[in-house]
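Worth saying up front: this structure is predicted, and the values here are computed from it rather than measured.
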Amino acid sequence: MTRPDTAHTHLVAHALADADAALAALIDVVRGLPDDAGADPSPLDGWSRGHVLSHVANVGSALARQAEFAARGEKVAPYDGGRTGRAAAIEAGADRSAAEHAAALEVSRARLAAAWPAPGDALWAAPVAYRDGVLVDALLAWWREARIHAVDATVGVDAAGLGYGSWDDAFCAHLRDFLAVRLPGADGTGARLELVGDPRDVAAWLAGREPSGPVSALRDGAAAALPELGPWPSSSAPTR
């Protein structure tokens, strides 16, 4: 395996730290919630707050497992039972009390910390089953999951250190690049769509969330309607 270059190492280090900061802040918020807060609705269709928290804990462990197997030179599916197993695991954890959700998130956090290699380690280029990619793809997925779902899980509660305002420039740039495939391609004239707005609002809109501020579009310099987004980039571990 080729050892990552300096820019790659910097991105890995930042993603590791920022994803962990998001998870730590989420755990702190969950610890302060009433025990029945998991039953509250979330912004995600058909999911309660408990479903979101269960998913965060599960996807953290699923992506940690990618690193654990990669370290042994092996590949494994993120979830036992594929999409069906993923859905069943989310449902199984959705009804936990707030204290139980916090404990499950702590377990996932510890597993991730133990599983990830150090920035600059050649293991980041190891093949994994997730997206049929390499380990750094699993880390970037976790970064997205942690930051996006931390917002979903804390809608309607006081959540210091979370919200779109916590999305830094590096995360917004990564998310915008990753989700660019959701935008329609060039029209018949070859003019491409440009999104206008605060980077955090644009990133949130691309992620299918309600932005805090306005997002508009330009096509060849002229105002254009915001398009209907295409599907989330496909993977074996989809994000709502």
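Annotation: side chain of Asn58 is in contact with side chain of Tyr79 (closest heavy-atom distance under 4.5 Å). Gln66 has its side chain out of reach of Lys75: every pair of non-hydrogen atoms, C-beta onward, lies at least 4.5 Å apart. Looking only at side-chain heavy atoms (C-beta outward), Arg86 and Pro78 stay at 4.5 Å or farther from each other. Put simply, the side chain of His55 reaches to within 4.5 Å of the side chain of Trp47, judged on heavy atoms. Considering only heavy atoms from C-beta on, Arg176 comes within 4.5 Å of Leu195 through its side chain. Taking the side chain as every heavy atom from C-beta outward, Trp167 and Ile148 approach each other to under 4.5 Å. By the 4.5 Å heavy-atom criterion applied to side chains, Pro117 and Leu135 are counted as neighbours. Counting heavy atoms from C-beta on, the side chains of Leu179 and Trp232 come closer than 4.5 Å.
We find the CG-OH distance between Asp137 and Tyr130 to be 8.0 Å, quoted to the nearest 0.5 Å. The distance from atom NE2 of His174 to atom CG of Asp168, rounded to the nearest 0.5 Å, is 11.5 Å. In this structure, Leu162 CG and Thr154 OG1 are separated by 5.0 Å, a value rounded to the nearest 0.5 Å. How far CG of Leu11 is from CG of Leu16: 9.5 Å, rounded to the nearest 0.5 Å. One distance of note links CH2 of Trp143 with CZ of Phe178; it measures 12.5 Å at 0.5 Å rounding. Once rounded to the nearest 0.5 Å, the distance linking CD of Glu100 with CG of Leu53 reads 12.0 Å.
For the pair Arg65 (side chain) and Ala77 (backbone), a donor-acceptor distance under 3.5 Å is present. Using modelled atom types, one side-chain atom of Ser108 and one backbone atom of Ala57 make a donor-acceptor pair closer than 3.5 Å. Checking side-chain atoms of Arg49 against main-chain N and O of Val155 turns up a donor-acceptor pair under 3.5 Å. A donor-acceptor pair is defined here as one N or O able to donate and one able to accept, closer than 3.5 Å; no such pair exists between the side chain of Ser54 and the backbone of Gly50. Judged by distance alone, the side chain of Arg219 and the main-chain N or O of Ala224 form no donor-acceptor pair under 3.5 Å. Put simply, the side chain of Arg182 gets close to the backbone of Leu206: a donor and an acceptor are under 3.5 Å apart.
Grouping the Ile, Leu, Val, Met, Phe, Trp and Tyr side chains by contacts below 4.5 angstrom, directly or via other members, places Trp124 with Val134. Residue Leu226 is grouped with residue Leu183 when hydrophobic side chains (ILVMFWY) are merged at heavy-atom distances under 4.5 angstrom, including chains of intermediate members. Hydrophobic clustering (side-chain heavy atoms under 4.5 Å, transitive across Ile, Leu, Val, Met, Phe, Trp, Tyr) keeps Leu140 apart from Phe69. One hydrophobic cluster holds both Val30 and Val157 under the rule that ILVMFWY side chains link at heavy-atom gaps under 4.5 Å. A single hydrophobic cluster is not seen to contain both Val76 and Leu112; linkage of ILVMFWY side chains at heavy-atom distances under 4.5 Å, directly or through other members, places them apart.
Comment: Glu106 engages Arg31 in a salt bridge, judged by a side-chain N to carboxylate O separation of less than 4.0 angstrom.
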Decide yes or no on side chain to side chain contact (heavy atoms under 4.5 Å, CB included) for Leu139 and Leu63, but give the supporting numbers first. CA-CA 7 Å; Leu139 168 63; Leu63 295 172; over 6 Å; no

Verdict with supporting geometry, Ser212 and Arg200, side-chain hydrogen bond (donor to acceptor under 3.5 Å, both in side chains): CA-CA 8 Å; Ser212 300; Arg200 289 142 196 80; over 6 Å; no

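Around CG of Asp198, the count of heavy atoms belonging to other residues, nucleotides or ligands within 6.0 Å exceeds 12.
Side-chain contact, His149 with Arg144: no donor N or O sits under 3.5 Å from an acceptor N or O. No donor-acceptor contact under 3.5 angstrom links the side chains of His8 and Asp5, judged on distance only. For the residue pair Ser48/His51, the side-chain donor-acceptor check at 3.5 Å is satisfied.
The heavy-atom pair separating Ala104 from Arg96 by the smallest distance is CB-NH1, 3.7 Å. Here the shortest heavy-atom pairing between Ala207 and Leu175 reads CB-CD2, 4.4 Å. Closest of all the heavy-atom pairs between Ala70 and Ala126 is CB-CB, 4.1 Å. Considering every non-hydrogen atom in both Ala225 and Ala217, the closest pair reads O-CB, 4.1 Å. Closest heavy-atom contact between His101 and Gly93: CE1-O, 3.1 Å. Among all heavy-atom pairs drawn from Arg209 and Asp152, the shortest one is NH2-OD2, 2.6 Å.
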